[in-house]
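Just so it is clear: chains get the letters A, B, ... in the order the sequence lines come, proteins before strands, and each one is counted from 1. Heavy atoms only: backbone and side chains are in, while hydrogens, waters and symmetry mates are out.
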Amino acid sequence: MIELPSIYNPEQTESKRYDVWMKHGLFGSQPDPKRSPFTIVIPPPNVTGSLHMGHALNNTLQDVLIRWHKMKGDNTLWIPGTDHGGIATQNVVEKMLKKEGKTRHDLGRETFLKRMWRWRQDTGDTILHQLRKIGCACDWDRTRFTMDEASSKAVMTAFVELYRRHLIYRGRRLVNWCPRCFTALADVELDYVESAGHLWHIRYPFADGSGRTLVVATTRPETMLGDTAVAVHPDDKRYADARGKTLRLPLMDREIPIVFDAAVDPAFGTGAVKVTPSHDAADFEIARRQNLPHEMVVGYDGRMTDRAGKYAGLSLKECREKVLADLTAGDFLEKEEPYKHSVATCYRCATVIEPLESSQWFMKTGDLAKRAAHATEVDRVQIFPESWEKPYIHWLTNNRDWCLSRQIWWGHRIPVWYCLRCSRLNEDQLGQIARDPTFQLESTKMILRESASDPIVREEDPVVCPRCGKEEIIQDPDVLDTWFSSALWPISTLGWPKKTQDLSYYYPTSVLVTGHEILYLWVARMVMMGEELASEVPFRHVFIHGIVRDKHGKKMSKSLNNVIDPLDIMKKFGTDALRFALISSAIPGRDMQLSDDSFVGARNFANKIWNASRFVLTNLSDHRRTGLPPDKMDLSDRWIRRRCVETLKNVDAFVEGYDLAQAARTLYSFFWGEFCDWYIELAKIRLQGLGGPAENPPPKPPTTDAALAAKETLATVLDSVLRALHPIMPFITEELWGALGETLGEKTEGCLMAAPGRVPALFDSPAASEADMRAMEVLMETVTALRTVRSEMNVPPGKSVPLLVNAQNALPFNKGLLETYGDYVKRLGKVSEIRFIGKGEKPAQAAAAVASDFELFIPLEGLIDFEKEKQRLSKEVVSLDADLQRLQARLSNPDFTARAPQEEVTKAKDRHTEVTAKKQRLQTHLAALAKD
RNA sequence: GGGCGGUUAGCUCAGCGGUAGAGCAUUGCCCUUACAAGGCAGGGGUCAGAGGUUCGAAUCCUCUACCGCCCACCA
């Protein structure tokens with residue numbers, strides 16, 4: 001006999017379970033053509049990270065799917081791993097260096113990278129260990145890292161291959177530059193922050209000395225130093241006579257042309273735009289079309305360059321102040337007005353982004369993106385919930401080429417070399433490269449990229465130049481965007497570029513589970529890469545979940561100090577409670593708000609499961625599963641079995657549609673609201689007798705068929721629900737399922753996790769009929785009505801009372817129920833005896849109720865408070881009356897009876913009859929009461 | 001500027017054409033040997049507002065207001 005404590009202790013259960021699963025090899029998977037695979041590749045967390053609520057949610061969702069499919073019999077594989085995290089990770093280590101008073105340049109590239117690797121070695125796997133703590137069933141033998149050998153190989157191969165296919169190219173473009181991280185960023189790596197700025201209107205005088213001016217508006221006056229034109233719309237009549245004219249750029253005293261370009265919106269401001277090709281993406285395009293020169297006045301360090309004349313060396317902020325002051329002094333400033341606009345910031349360090357011209361590597365995404373969009377349009381990649389499909393496709397069909405190169409050191413170095421000998425480099429340029437071997441200056445890199453030889457694109461270091469045979473070749477200093485390797489993750493983890501068995505068996509994977517914040521950053525790019533390089537999309541389904549927020553709807557962040565640490569929650573409430581709370585809050589398509597309180601309910605549920613199981617187990621100590629014949633079953637047995645089967649089927653449907661929250665809630669309400677609240681209480685009649693455990697000896701000793709049927713059903717239903725709950729709450733269910741098996745003498749080596757999700761006995765036994773279901777409803781309604789009267793008349797819960805029933809007007813079927821299943825009412829309503837009375841018998845001094853078509857009386861000699869009873873009954877009559885009026889209105893509407901489905905009309909009529917009868921009976925009692 | 005989501009009980013949220021729901025909080029009674037992290041019963045809502053479609057609208061459509069996200073070469 002197993003002894004279980006009366007309060008569930010998660011720590012005790014959790015500490016041992018995971019190791020047992022590991023020991024049984026339940027997380028591993030090998031290709032097996034006889035079974036269908038179910039595969040998930042983890043969204044690799046950054047090595048910098050420690051587990052936060054978002055990870056906990058994301059990985060619990062995946063774990064639920066993996067465990068559910070495993071129990072369904074699929075060959076499940078979940079590949080874990082981490083991402084090197086490019087800029088984010090480099091920032092972390094640079095911060096550590098800063099505390100030592102050093103920069104990465106003090107160490108040099110090689111030493112710095114050694115330091116990075118050492119740091120990764122020491123702390124990089126923390127998060128993977130934390131995933132074990134929350135129970136994730138990953139195949140740890142396949143743990144990968146985006147910079148491990150195989151992944152790096154995949155990255156190199158992909159780059160070279162895409163270059164060969166002319167999908168990767170080198171170009172001088174306007175890029176998003178973070179002056180703090182000192183690198184270019186892709187468009188999707190920006191965060192836009194709403195900012196209350198100003199719009200300055202500046203007068204540019206015509207160069208003809210006429211004194212006429214043209215007013216332009218700008219939010220960034222300092223960039224005017226780099227203006228090389230002013231643009232107006234070609235059809236703008238206001239400027240028709242300006243064709244061919246030039247302006248004199250204030251402060252710089254340069255002559256700049258007026259150009260005509262359709263990109264200008266004549267309705268905005270004055271309809272004239274200053275054109276700064278080097279510092280504004282739109283202007284860059286205008287300059288290209290209009291063939292304008294570029295003036296780069298802002299440098300990579302965020303300060304003004306020599307081209308800014310007397311402003312050189314100033315920071316942007318200082319420069320703006322000085323420019324404004326000088327414009328005012330020269331009477332060029334027409335007005336200044338407040339203006340709200342959004343400013344691009346670095347998604348890693350929140351520094352304001354400067355659009356700057358730079359030489360970078362790009363990926364041509366136009367065609368790839370169109371193909372990716374198409375894949376979703378024809379459901380080769382299905383998005384759940386569907387509401388994300390539109391934004392996803394919209395982004396795919398509108399994005400610009402992807403800037404791949406980053407000017408940092410941590411990452412995959414671009415597999416491109418240049419020959420210094422085959423080049424057109426002069427002595428000065430060679431000298432600069434020699435003086436700046438780590439390319440701290442953007443200009444050094446530019447020399448290399450644009451003046452050295454054509455790029456030699458190779459997976460491996462060519463060592464010597466393939467053209468001239470000289471050894472003076474030098475590798476491109478940049479590394480690849482961290483999302484480049486992430487984009488290859490589903491194929492690289494399965495062995496690509498090798499044609500592995502894994503790849504042919506597990507690819508495409510089944511589902512990708514992720515938050516919507518990286519839908520574009522990551523998901524879209526995986527689809528593009530998969531289609532292009534592996535000739536097939538990387539996953540069939542994309543399951544998008546919400547973002548975890550605090551109880552005020554704010555994103556959790558350290559700076560806001562509103563973070564709820566999943567590890568704390570696990571310690572306080574248990575891992576299963578954490579998981580259940582997360583899953584049941586994961587409503588498709590919606591973000592979730594969590595507070596500490598969110599987990600209390602789940603903790604209580606775990607305890608409920610524990611105690612219900614404890615009850616079942618203590619009653620099964622002498623039981624062996626027999627497969628008892630159905631005719632031995634009680635009404636309640638048939639009822640709960642049917643309800644259980646229905647519940648499990650509903651849960652299956654919810655899981656298949658990725659509505660795990662519904663699945664969790666469905667199980668919760670079945671287990672607590674039906675199994676515990678009703679079935680277990682009813683089973684006690686056969687296990688403990690009518691009067692409860694104190695009754696001695698029990699009138700029905702637990703060896704009868706009736707008791708056996710109850711035990712059989714308790715065992716079967718508990719077994720089933722534990723299995724269904726296991727994917728969500730793996731620890732407690734595993735523990736209890738093991739204890740159940742042991743109690744029943746069925747001890748096996750197996751784990752619940754490896755068990756099939758179905759208990760055949762439950763699904764094979766004949767289901768309850770519709771009549772059975774209706775019978776249970778009537779009995780439950782009777783019990784509830786009885787309890788209500790007792791409670792409202794202050795009958796002490798412990799006190800047994802006789803129950804008088806007038807069933808004169810009841811259906812024979814219902815009356816028969818009370819005769820056959822009177823014990824249900826006796827036990828659950830604490831009734832000593834049920835006596836049927838005739839129509840004329842008016843029980844004196846009794847509280848009355850109506851349930852189904854019974855009139856119920858509880859004699860309360862001397863205890864009854866007539867006033868209170870009158871009030872109670874009148875109140876119920878009033879509410880019934882309201883009901884009745886609504887029904888009446890509906891039924892008397894000819895349109896309703898004519899046009900509504902017959903089923904609805906019948907329902908309304910039945911209900912009308914029912915309510916009328918109930919109201920009449922109550923009124924009779926009221927009248928009788930008045931007479932007393 | 002475009003798109004998406006939200007507005008339902010004091011709080012957090014389900015429901016998304018046919019009698020308004022859950023958890024927490026609250027009130028009353030109960031330490032009934034599975035569980036007080038519990039049981040039983042109760043109170044509490046013109047489902048943001050205005051129109052429309054429909055026999056019938058919290059649910060579908062239109063508009064409005066407020067909140068939150070996402071996208072956009074927002075000068």
Side-chain angles (χ1 to χ4, degrees), chain A residues 4 6-8 174 192 199-200 216-220 223 231 263-265 268-276 280-286 339-342 355 387-388 390-391 394-395 398 400 516-517 519-520 546-547 549 551 553-555 573 584-585 587 589-595 597-598 600-619 661-662 665 668-669 673 676-677 680-681 684 688 692-694 784 787-792 794-798 828 830 883 886-887 890 893-901 903-905 907-908 911 915:
Chain A
L4 300 175
S6 70
I7 289 178
Y8 173 53
L174 209 69
Y192 286 88
L199 196 59
W200 284 277
V216 299
T218 180
T219 54
R220 305 186 59 203
T223 62
V264 179
D265 175 6
F268 188 95
T270 56
V273 188
K274 59 191 271 311
V275 181
T276 321
D280 184 283
D283 295 0
F284 187 88
E285 289 305 313
I286 293 175
Y339 188 74
K340 265 216 307 222
H341 62 136
S342 49
S387 54
W388 276 105
K390 222 166 101 174
H394 179 259
W395 184 85
N398 286 289
R400 296 192 300 169
H516 53 72
E517 75 274 21
L519 186 57
Y520 314 133
I547 311 249
R549 301 175 182 281
K551 61 177 163 185
K554 292 252 185 331
K555 240 179 181 167
F573 301 107
S584 54
S585 317
I587 309 297
R590 296 207 44 186
D591 290 348
M592 61 178 74
Q593 298 183 199
L594 296 175
S595 67
D597 297 341
S598 319
V600 174
R603 188 269 316 265
N604 294 352
F605 182 44
N607 197 48
K608 189 75 180 178
I609 296 170
W610 183 261
N611 276 297
S613 304
R614 210 158 64 89
F615 171 81
V616 174
L617 292 185
T618 53
N619 281 287
Q662 269 304 354
R665 289 162 194 234
Y668 178 98
S669 66
C676 292
D677 289 350
I680 286 185
E681 293 307 320
K684 284 177 180 173
Q688 304 172 343
T784 302
R787 284 167 167 175
T788 304
V789 177
R790 290 185 57 126
S791 169
E792 294 194 341
N794 293 324
V795 179
L828 269 50
K830 196 81 180 155
D883 249 15
R886 243 199 333 263
L887 287 163
R890 258 217 279 179
N893 179 353
D895 285 334
F896 174 71
T897 42
R899 298 198 203 183
E903 189 193 321
E904 286 302 325
V905 179
K907 235 161 79 181
R911 190 161 160 70
V915 176

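Side-chain nitrogen and oxygen atoms of A/Arg665 include none within less than 4.0 Å of the OP1 or OP2 phosphate oxygen of B/G15. Contact annotation: A/Gln688 side-chain N/O to B/U33 OP1/OP2 distance is not under 4.0 Å. A/Lys830 has no side-chain polar atom (N or O) that falls below the 4.0 Å cut-off from OP1 or OP2 of B/C40. Phosphate proximity of B/G42 to A/Thr788: present, with a side-chain N or O under 4.0 Å from OP1 or OP2. At the phosphate of B/A37, neither OP1 nor OP2 sits under 4.0 Å from any side-chain N or O atom of A/Lys608. Under 4.0 angstrom from either OP1 or OP2 of B/U32 there lies no side-chain N or O belonging to A/Lys684. Contact annotation: A/Asn398 does not reach the phosphate of B/C71 (side-chain N/O to OP1 or OP2, under 4.0 Å).
When each of A/Trp388 and A/Asn604 is assigned the nucleotide of RNA chain B bearing its nearest heavy atom, the one mapping closer to the 5' terminus is A/Asn604. Each of A/Ser6 and A/Ala231 was assigned the nucleotide of RNA chain B with the nearest heavy atom; the assignment lying further toward the 5' end belongs to A/Ser6.
Within the 4.5 Å cutoff, no side-chain heavy atoms of A/Pro355 are placed close to those of A/Asp280. In this structure the side chain of A/Phe615 reaches within 4.5 angstrom of the side chain of A/Ile680, judged on heavy atoms. Residues A/Asn604 and A/Lys608 have side chains not in contact (no heavy-atom distance under 4.5 Å, counting atoms from C-beta outward). Residues A/Leu617 and A/Leu4 meet the side-chain proximity criterion, which asks for heavy atoms closer than 4.5 Å.
Residue-level contact check: A/Arg787 touches the backbone only, with heavy atoms under 4.0 Å from sugar-phosphate atoms and none from bases. Within the 4.0 angstrom heavy-atom criterion, no nucleotide atom of any strand lies near A/Phe605. At the heavy-atom level, A/Val264 lies under 4.0 Å from base atoms of the strands shown. Across all strands shown, A/Arg220 has no heavy atoms under 4.0 Å from either base or sugar-phosphate atoms. Contacts of A/Glu904 with the nucleic acid, taken as non-hydrogen atoms under 4.0 Å apart, include base atoms. At the heavy-atom level, A/Asn893 lies under 4.0 Å from the strands shown only through sugar-phosphate atoms. When heavy atoms are screened at a 4.0 angstrom cut-off, A/Leu4 is found touching no nucleic acid atom at all. Using a 4.0 Å heavy-atom cutoff across all strands shown, A/Thr784 reaches sugar-phosphate atoms only and no base atom. Residue contacts for A/Lys907: at a heavy-atom cut-off of 4.0 Å it reaches no nucleic acid atom on any strand shown. Note on A/Leu174: nothing from the nucleic acid sits closer than 4.0 angstrom, heavy atoms only. Within the 4.0 angstrom heavy-atom criterion, base atoms lie near A/Ala612. The residue A/Pro901 sits close to a base: some heavy atom pair falls under 4.0 Å. Among the protein residues, A/Glu903 comes within range of no part of the nucleic acid, since none of its heavy atoms lies under 4.0 Å from any strand. Looking at heavy-atom distances under 4.0 Å, A/Asp283 makes no contact with the nucleic acid at all.
Distance check on atom P: B/U12 versus B/G2 gives 31 Å, rounded to whole Å. Using atom P as the reference point in both B/A72 and B/C67, the two lie 24 Å apart (nearest Å). Of the P atoms belonging to B/U54 and B/C11, the separation is 37 Å, rounded to the nearest Å. Comparing the P positions of B/G43 and B/A20 gives an interatomic distance of 15 Å, to the nearest angstrom. Taking the C1' atoms as reference points, B/A65 lies 30 Å from B/G23, given to the whole Å. Atom C1' of B/C47 sits at a distance of 11 Å from the matching atom of B/G15, rounded to the whole Å. Look at the C1' atom in both B/U53 and B/U62: the space between them is 10 Å, to the nearest Å. Rounded to whole Å, the separation between the P atoms of B/C60 and B/G17 comes to 7 Å.
The backbone N or O of A/Ser6 sits less than 3.5 Å from a side-chain atom of A/Asn611, completing a donor-acceptor pair. Between the side chain of A/Ser791 and the backbone N or O of A/Arg787, no donor-acceptor pair lies under 3.5 Å. A donor-acceptor pair under 3.5 Å links the side-chain atoms of A/Arg790 to the main chain of A/Pro796, judged by distance alone. Between the side chain of A/Asn607 and the backbone N or O of A/Tyr8 there is at least one donor-acceptor pair closer than 3.5 Å.
As a whole-Å value, the separation of A/Trp395 CH2 from B/C70 P is 15 Å. Straight-line distance from the CZ atom of A/Arg614 to the P atom of B/A37: 14 Å, rounded to whole Å. B/A14 atom C1' lies 16 Å from atom CG of A/Asp591, rounded to whole Å. Nucleotide B/C35 holds its C1' atom 10 Å from the CD atom of A/Glu681, rounded to whole Å. Rounded to whole Å, atom P of B/C70 lies 10 Å from atom OH of A/Tyr520. In this structure, A/Gln593 places its CD atom 9 Å from C1' of B/C13, rounding to the nearest Å. Between the P atom of B/C73 and the OH atom of A/Tyr192 lies a distance of 6 Å, rounded to the nearest Å. Atom CZ in A/Phe615 sits roughly 10 Å away from atom P in B/C35 (whole-Å rounding).
Nearest heavy atom pair, residue A/Tyr520 against residue A/Pro391, reads OH-CB, 3.4 Å.
A donor-acceptor contact under 3.5 angstrom links the side-chain atoms of A/Arg911 to the base of B/U19.
Of the candidate nucleotides B/U19, B/C73, B/A72, B/U19 has the atom lying nearest to any side-chain atom of A/Arg886. With distances taken from any side-chain atom of A/Asp677 to the nucleotides B/C35, B/G39, B/C73, the minimum falls on B/G39. Of the candidate nucleotides B/C35, B/G39, B/C71, B/C35 has the atom lying nearest to any side-chain atom of A/Asn611. For A/Arg590, counting side-chain heavy atoms from C-beta on, the closest listed nucleotide (B/G23, B/A14, B/G18) is B/A14.
Base pairing in RNA chain B yields stems of at least 3 consecutive Watson-Crick or G-U pairs, both distances under 3.5 Å, namely B:1-7 with B:65-71, B:10-13 with B:21-24, B:26-30 with B:38-42, B:48-52 with B:60-64.
A salt bridge is defined here as a Lys NZ or Arg NE, NH1 or NH2 lying under 4.0 Å from an Asp or Glu carboxylate O, and A/Arg911 with A/Asp883 meets this definition.
With no hydrogens or angles considered, no side-chain donor-acceptor pair links A/Arg890 and A/Asn893 at under 3.5 Å.
For A/Arg400, the CZ atom is loosely surrounded, since the number of other residues' heavy atoms within 6.0 Å does not exceed 12.
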